[in-house]
Structure formats: C-alpha cells, structure tokens
Amino acid sequence: DVVEDHDRPLGEVRTDQVEVPDRRRLGVLGVEEGELHRGDLVEQPGHDLVDRPGAQADAPLEPGRWRKARDAAIAVAAGVGVAALVWLVLGRPFDPVSPFYLSHTLPEGGGANAVNVIIVDFRGFDTLGEVTVMGIAALVMHALLSPFVPPNAALQGQGLPLRPDAPPPLMLQLVSRLALPFVVLVSIYLYLRGHNLPGGGFIAGLVLALGLMLQYVAHGLAWVDQRSRAPYAAWIGWGLLVVFVTGVASWLLGSPFLTSTYDYPWLPGVGGVPLASAGAMDLGVYLVVTGATMVMLLAIARIGRGGSRA
C-alpha cells in the first residue's frame, strides 16, 4: 500500500503516494481489502508491508464494566425466571388425561388399542389434518422434483458412482420378489388388527411402502415401471376421499362429523366379530401413507438416475 522510497528513514510512512496492494499480500497479512486505510502500513526490514500497532482505529471497543454487569444481571434474571416458572408448573397438582382415554377406549371406541382409537376416533380431526398435510407435502415434492433431472456429469463430479447399465445383485432380486407377497400380507394383518392390538393404518402403510420400494431398489425404476405403473399419487386422493366420506356418513346419520360407532356382528362358526366404523377411516389413512411415501421416495430416486427417466 506504500511506495518504497530508499531516501527516507526506515519506518517513515509517505502518504502522498499510495497504491492498491496486491490481494495476495493482504491475505498473508490477514487484512481485508476494504479495511485498509492510508498510513496503516509501514515497511520493515525483511518484509514488504506490516501492520502498525494501533492502526485499526475504527475497531469496536471492548464493553465497559457497567455493560458487562448489566448483561450478567439480565442473564441471571432470565435464568431465575425460567426456573421459577418450571417450578410453579411442576409443583401444581397434575391431573393427566390418559386415564380418561384408557377407560373409555373400549366402551366408546370399540377397540382395545388406545393409541389407534385415539388417532381414528377421539382425535379424528387431528388425523384428518395430518394425512392432508402429508399428502400435500408429497404432491408438492413430486411437482418440484419431477422436472428436475441433473446431468450425469454433474453427479459424477460429486463422486456419485453412476452405473445405469449395471445389473442389480441377483440375490437381492430373488429375495425381493419372494418377500413382496409376505410384506403385503403383513401389511394387511397390521391394518386389520390395529383397532385392538398394535398396528393400524399408519404402520401398515409404511410396511407396504417398504415392500414396494424394495422392488425398485432390487430391479430398478425401468424394470418396475414396465410391469406396474401404480398411480401412487391417486392413492393419496382416494385415501383422503375415504376419510372424508367416513366423516360425512356419520354426519348424515345425525352424529357429529367423524363420529365412529361399532358392533359385533355374528358370523356362523366364528362368533362375534368386532367391527368399527373407524376402520374405514383407518383404510383412508392406510392409502394416504402408502401413496405419499412412495411418491416422495420415487421423486428422490429419479433424481439419482442422472438424466435417465426410464
């Protein structure tokens, strides 16, 4: 930043001739280009330019004692206030709502699985909102990622090995085909038992999506699409329609929206079979979860093909 002059004493700074320094020289000195001022640098033996002590006059000053004391007082007050609030909340008599659900699940919901009955019966409006948001998120994700296909060169530059012509492992192909029927049966089993035992539409839908996605992993998108083009996006719409129709049906029968009922129809040789109208809503949840999971995962999988849309 200072023109070298051999006729002046060492350490003297000339301010009449100033040039823009090389950025590389500034980087070595740890000085930003916009922070350099006239007279901030001097020459010393063995160095081109060095910082002069106290040259950065516009640097922020250290906070004073009163400011540190004020900040400490605010921090202590905030900590004591939060601790007092937590103590007051935890010290009050606590009346949990869980005993209500546990005692009313079977007589009013017709099911022994309190979690599933709460999801599709007591808090049906929450479930309707949740599956709606999940479906919308999946469709938005599909709309955003569907037209986006990165080139192979871009993915290879990131170190991703792309071998679209390499066949998948033979063992994985055989196992995936044999496992798919059993996955479907387990999924249906979890759905049917969900009202009385651990299960339900959410977990059943995820299990089915896992079995379907395994086919894409084992055989590739092109192989599966040639043999099955399941409209997973339509599953989201059908599932939401089933949930909505279930709620409207109870409304038309003179009960509030999404009110469920149950009965034990007698089947010869079987006996009383528990049957709840919430099972229809659970079917809608089953379709939405399966369709939304597949739509989102396939949208991500097609990006990794690096320009191949098969």
Side-chain angles (χ1 to χ4, degrees), residues 113 116 119 130-131 134-152 154-156 158-195 197-240 242 279 282-310:
N113 184 2
N116 193 76
I119 291 175
E130 291 170 0
V131 295
M134 184 177 185
I136 294 175
L139 296 177
V140 171
M141 189 172 179
H142 172 73
L144 292 176
L145 298 182
S146 178
F148 176 69
V149 181
N152 287 338
L155 292 177
Q156 289 176 350
Q158 299 175 3
L160 299 179
L162 295 179
R163 300 180 58 193
D165 299 331
L170 178 60
M171 183 62 66
L172 180 60
Q173 296 181 22
L174 295 176
V175 171
S176 64
R177 296 181 194 177
L178 294 176
L180 182 59
F182 295 98
V183 171
V184 174
L185 289 177
V186 171
S187 176
I188 296 175
Y189 172 71
L190 291 174
Y191 161 71
L192 293 177
R193 75 190 292 239
H195 209 60
L197 295 171
F202 277 101
I203 184 62
L206 291 176
V207 170
L208 179 58
L210 177 64
L212 295 174
M213 202 64 201
L214 182 61
Q215 307 306 310
Y216 288 92
V217 174
H219 302 282
L221 294 171
W223 187 91
V224 179
D225 289 343
Q226 290 175 359
R227 291 159 176 79
S228 174
R229 288 189 173 272
Y232 297 115
W235 289 23
I236 300 175
W238 283 111
L240 292 176
V242 170
D282 216 14
L283 176 62
V285 173
Y286 179 58
L287 295 175
V288 172
V289 171
T290 305
T293 303
M294 293 301 299
V295 167
M296 290 186 287
L297 293 180
L298 290 178
I300 298 174
R302 295 185 194 282
I303 295 179
R305 291 190 60 83
S308 176
R309 273 190 183 273

Exercise. Output yes when a side-chain donor or acceptor of Thr290 lies under 3.5 Å from a complementary backbone atom of Leu287, and no otherwise.
Key: no
Quiz item: Taking the side chain as C-beta and beyond, is there a heavy-atom pair between Leu214 and Leu180 under 4.5 Å?
Solution: no
Exercise. Look at the rings of Tyr232 and Trp235 and say which category their plane angle falls in: under 30° parallel, 30 to 60° tilted, over 60° perpendicular.
Key: perpendicular
Quiz prompt | N/O donor-acceptor pair under 3.5 Å between Ser187 side chain and Ala204 backbone | solution = yes
Quiz item: How about Leu208 and Tyr286: do any of their side-chain heavy atoms sit closer than 4.5 Å?
Solution: yes
Practice problem: Identify the heavy atoms of His142 and Ala299 that sit nearest to each other, and give their distance. | Solution: CA-CB, 4.2 Å
Quiz item: Considering residues at least two apart in sequence or located in another chain, which fulfil the side chain to side chain contact (heavy atoms under 4.5 Å, CB included) criterion with Val217?
Solution: Leu172
Quiz item: If you round to the nearest 0.5 Å, how far is CE of Met296 from CG of Leu139?
Solution: 9.5 Å
Practice problem: Check each of Ile119, Val131, Asn116 against Val285 using the side chain to side chain contact (heavy atoms under 4.5 Å, CB included) test, and report the only one that passes. | Solution: Val131
Self-check item: Any donor-acceptor N/O pair, Thr293 side chain to Val289 backbone, under 3.5 Å
Solution: yes
Exercise. State, to 0.1 Å, how close Val207 and Val183 come at their nearest heavy-atom pair, and which atoms those are.
Key: O-CG1, 3.3 Å
Quiz item: More than 12 foreign heavy atoms under 6.0 Å from CH2 of Trp238: is that the case here?
Solution: no
Quiz item: Does Asp282 use its side chain to pair, donor to acceptor, with the backbone of Gly200 at less than 3.5 Å?
Solution: no
Practice problem: Indicate the atoms forming the closest heavy-atom contact of Ile236 with Ala138, along with that distance. | Solution: CD1-CB, 4.0 Å
Quiz item: Do Leu212 and Met294 touch side chain to side chain, with heavy atoms closer than 4.5 Å?
Solution: yes
Quiz item: What are the two closest non-hydrogen atoms of Ala218 and Gln173, and how far apart are they?
Solution: O-CG, 3.4 Å
Quiz item: At their closest point, which heavy atom of Leu178 faces which heavy atom of Pro181, and how far apart are they?
Solution: O-CD, 3.4 Å
Practice problem: Using side chain to side chain contact (heavy atoms under 4.5 Å, CB included) as the criterion, point out the one residue from Leu297, Val295, Ile300 that pairs with Met141. | Solution: Ile300
